[in-house]
Number of protein chains: 4
Amino acid sequence: MAKVSQAHLDARRRSILDAAAKVFAEKGVAAATMAEIAQEAGISPGAIYRYFPSKEDLARGCMQGSAEAVKAAWQHPEQVETDFRTLSRATFAELERPGADADTRLLLERALVAVRDDDAAMVEEFGTELQRIVRGVAFLLRRDFGARLEGLDLEALAQALYSFYWGARFMRLMAPEAVAPTRQLEALQALMEAAFTADRESDSTER
Amino acid sequence: MAKVSQAHLDARRRSILDAAAKVFAEKGVAAATMAEIAQEAGISPGAIYRYFPSKEDLARGCMQGSAEAVKAAWQHPEQVETDFRTLSRATFAELERPGADADTRLLLERALVAVRDDDAAMVEEFGTELQRIVRGVAFLLRRDFGARLEGLDLEALAQALYSFYWGARFMRLMAPEAVAPTRQLEALQALMEAAFTADRESDSTER
Amino acid sequence: MAKVSQAHLDARRRSILDAAAKVFAEKGVAAATMAEIAQEAGISPGAIYRYFPSKEDLARGCMQGSAEAVKAAWQHPEQVETDFRTLSRATFAELERPGADADTRLLLERALVAVRDDDAAMVEEFGTELQRIVRGVAFLLRRDFGARLEGLDLEALAQALYSFYWGARFMRLMAPEAVAPTRQLEALQALMEAAFTADRESDSTER
Amino acid sequence: MAKVSQAHLDARRRSILDAAAKVFAEKGVAAATMAEIAQEAGISPGAIYRYFPSKEDLARGCMQGSAEAVKAAWQHPEQVETDFRTLSRATFAELERPGADADTRLLLERALVAVRDDDAAMVEEFGTELQRIVRGVAFLLRRDFGARLEGLDLEALAQALYSFYWGARFMRLMAPEAVAPTRQLEALQALMEAAFTADRESDSTER
DNA sequence: TATGAATGAGCGTTCATTCAT
DNA sequence: TATGAATGAACGCTCATTCAT
């Protein structure tokens, strides 16, 4: 075939990733076979190895780049014109997107494998992202609700919200017929508003 | 060899399950081998098949019965003398117990497998437990905070809290150095109290 | 099958080694397949792995223990009642034994692999054996021919004889119709005797 | 592209052979890959097949033409002004040349393959060369040492010396730290001289 | 002619499962 | 009943070879 344009190669790479993501999501990384992925991608098993050195790498490759925009926004909220409420909603709206469940499946599976195999790099990556996002959450909470947070353990609260996010993803995966993540978020936001607004009112009362 | 007491057989079955749970949690179901489990249980690989027809069945058998007491309490809060705050704390305290992470690993993995393989029975089971617990949460919230919840989407809030619980488990697994689940819980409870207490105060103010 | 006698296991191990030696000799280690060896041994491929952890180990296992008696004699000539001429003949007689060529093939192949892959342990082993045998050769030469060796580089001569041994093995392998190793040996021994006997005679002449 | 000069094609063929010889010597024929050879030769894998129909053929092509001068001299000693001692030394000096070990490796490997696969042509070739060289050795021995060889099995001795040559090559490959081939040769030549010189003296004595 | 992406058969190895003992 | 040796299908991966460009 010789000298195929880079665009062709990139497209092929993409199609392999897509096929892999589909098969991995369907069967799990362990149960999926390279032959299946190849078939799904319409190529031969051997060809995959020109693009990815191993099944493991292919699996890793499947995980990158979902909901990048939202992730970036949380990590650098000061660079984005947004507020906590809006960004939260956008984030949870992402979970309603078709394919979000497949992403969750894959993400959770990879996370479990990483922990199990003591894949330091991967765990580290997760930890770093966690930290950054939690920092972003805290930043937005402080900016949006300011002094009213006084007395609250802000870091713990931010992490609790992050936990809630992951739990909601998991919940949606396991029980699609349950209350939607967005509605859960609304409930929690209502709670927060009640807490913060109330504070203010009680403050004003005290004055 | 002939007749062996039923108690003996049950004990053997139990010891296989324990061994399997340990190995599965360590390596994941896919990576664990029957030989390992047999060794851990102190029997031969062949013997396992007298008690479980396949590895998959063995894996299914492993998932039952961790933190039963707490689960039961949430599902039937009216039969237990407890309140939301106390039961929450007990629940999260469980997560600090050694072995809790292994349980989380196993639970998540099995959950993923169940969804993946469309294991209706298993998904159903998860869904049922979810419903019952959420109902229990809602029950306790209402009993403990009563009228102050007015205007809140109680069911959604209860589910959000359940999501938070699972997210916190996952978080702890992935990033043990992050804020402990219990501290996250404290933060969230502080928020709730602020919201509800404030409500009362603002109510009283308004009156 | 359970509890099979150790003798059975040993026999099985032996039969695998025999099958492997045969196939390896026929096709070379690289070209031989585990499936072939299994078939030759009358078992399944998987069964081999209960006895040898890898093809490589199996190949190593094939190399041990050929002509052990002779090797031992050269390495410890002082413990054996023998002389250079007798032991040499016995050594070369071994090469006429059926199967000797297959051994040579295997030995040379393994040696090449060892050098190529920088298998330090294996190369070391060869080097050690070389040293010991050369020492033995030198020992016997000195004991049998004594003072008449004066002026000769004994170590170099011993090594030359060892080289000759290996070359003769190789020669026989490559050109079976050429002069037999034993006849080559005779020629060389005649040369040695001429040299040493002559020395004596010339000595006596000088006196 | 059309017509390329024959010289060009030959040069290309040569460069492929060189590359192949290098890679084969480094890794062995089995472990070497066509891709590696292509890279070493600075062309594409596909191009090799314009010059050699298969890897095996390429390997065969690699064996020709090392130390041609010395080989020719042994095969036609009457056409060269030399004597046994000098030619032997030149031959063994070749073994000290850098790259000699790689040649030995390749030669031995190919020889083993030839025997294994019953490659009649190749074995034949080796046999023919053997015969010719042995004849040359015998010729030189007779010319240089003449009558003093009486009673010796000249053909066997010549073959023994050829065996020694190959053994020394092998030895040097396997145990570079052992006594150098040239020193082994010296020892053997000293032995021969002792034998032949002695003979003369004893002859003269007898007369 | 040369390229190099693609093929696909084939390998070593694993391990759930079976079954003779 | 328990054993554990044996099975054999299946997998990830390699690489000599082909052929569209």
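Labels below follow one simple rule: chain letters A, B, ... track the order of the sequence lines, proteins then strands, and each chain is numbered from 1. Predicted, not measured: the structure shown is a model, and the values here were computed from it. In what follows, every heavy atom counts, from backbone to side chain, and hydrogens, waters and symmetry copies are set aside.
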**Asked** Looking just at side-chain N and O atoms, do B:Thr104 and B:Asp101 make a donor-acceptor pair shorter than 3.5 Å?
**Response** no

**Asked** Once you round it to whole Å, what is the distance between C1' of E:dT1 and CD1 of D:Ile16?
**Response** 12 Å

**Item:** Closest to the B:Ala47 side chain, choosing from F:dT3, F:dC13, E:dA2
**Value:** F:dT3

**Asked** When rounded to the nearest 0.5 angstrom, what is the spacing between CZ in B:Arg12 and CG in B:Leu17?
**Response** 13.0 Å

**Asked** Out of B:Glu36, B:Arg105, B:Glu109, B:Lys55, which one pairs with B:Phe24 under the side-chain contact (heavy atoms from CB on, under 4.5 Å) rule?
**Response** B:Lys55

**Prompt:** For DNA chain F, whose closest nucleotide is more 5', that of C:Gly46 or that of D:Ala31?
**Reply:** C:Gly46

**Asked** Under the 3.5 angstrom rule, does the side chain of C:Glu129 hit a backbone N or O of C:Phe126 as a donor-acceptor pair?
**Response** no

**Message:** Of the listed nucleotides (F:dC11, F:dA2, F:dT17), which one gets closest to any side-chain atom of B:Arg50?
**Reply:** F:dA2

**Request:** Kindly point out which of E:dA16, F:dG12, E:dT13 is positioned nearest to the side chain of B:Met34?
**Result:** E:dA16

**For atom NZ of B:Lys55 and atom P of E:dT18, their distance in whole Å** = 15 Å

**Request:** Establish, with yes or no, whether the OP1 or OP2 oxygen of F:dT1 is under 4.0 angstrom from a side-chain nitrogen or oxygen of B:Arg12.
**Result:** no

**Fill in**
Here the distance between atom P of E:dT21 and atom CG of C:Leu9, to the nearest Å, is 14 Å

**Message:** Can you tell me how far apart CD (D:Glu40) and NZ (D:Lys22) are? Round to the nearest 0.5 Å.
**Reply:** 4.0 Å

**Nucleotide nearest D:Tyr51 when distance is taken to its side chain, options F:dC11, E:dA2, F:dT7** = E:dA2

**C:Ser15 and C:Asp18 side chains, donor-acceptor separation under 3.5 Å** = no

**Request:** Mind checking A:Phe52 for me? I need base, sugar-phosphate or nothing, with any heavy atom below 4.0 Å counting as a touch.
**Result:** nothing

**Request:** In whole angstrom, give the distance that lies between atom CD1 of A:Ile48 and atom P of F:dG12.
**Result:** 9 Å

**Message:** Show me the dot-bracket string of DNA chain F, counting Watson-Crick or G-U pairs under 3.5 Å, with | for pairs to another strand and [ ] for crossing ones.
**Reply:** .||||||||||||||||||||

**Request:** Round to a whole Å and report the spacing from CZ of D:Arg13 to P of E:dT1.
**Result:** 14 Å

**Request:** Decide if atom CD of B:Glu56 counts as having more than 12 heavy atoms of other residues, nucleotides or ligands within a radius under 6.0 Å.
**Result:** yes

**Nucleotide nearest B:Tyr49 when distance is taken to its side chain, options E:dT17, E:dT14, E:dC15** = E:dT17

**Message:** Please report the distance, rounded to the nearest Å, between NZ in A:Lys27 and C1' in F:dA10.
**Reply:** 13 Å

**Item:** Nearest-nucleotide comparison on DNA chain E, the residue closer to the 5′ end among A:Gly42 and B:Thr33
**Value:** A:Gly42

**Item:** Rounded distance in Å - CG (A:Leu58) to P (F:dC11)
**Value:** 16 Å

**Complete:** Closest to the 5' end of DNA chain F, once A:Pro45 and B:Ile43 are matched to their nearest nucleotides, is B:Ile43

**Message:** Nearest 0.5 angstrom please: A:Arg13 CZ to A:Leu58 CG, how far?
**Reply:** 9.0 Å

**Prompt:** Once you round it to whole Å, what is the distance between C1' of F:dA6 and CD of C:Gln39?
**Reply:** 16 Å

**Message:** Side chain of D:Ser44, heavy atoms from C-beta onward: which of E:dA16, E:dA2, E:dT13 has the nearest atom to it?
**Reply:** E:dA2

**Message:** Within the 4.0 Å heavy-atom criterion, would you say A:Ala32 contacts the bases, only the backbone, or no part of the nucleic acid?
**Reply:** sugar-phosphate

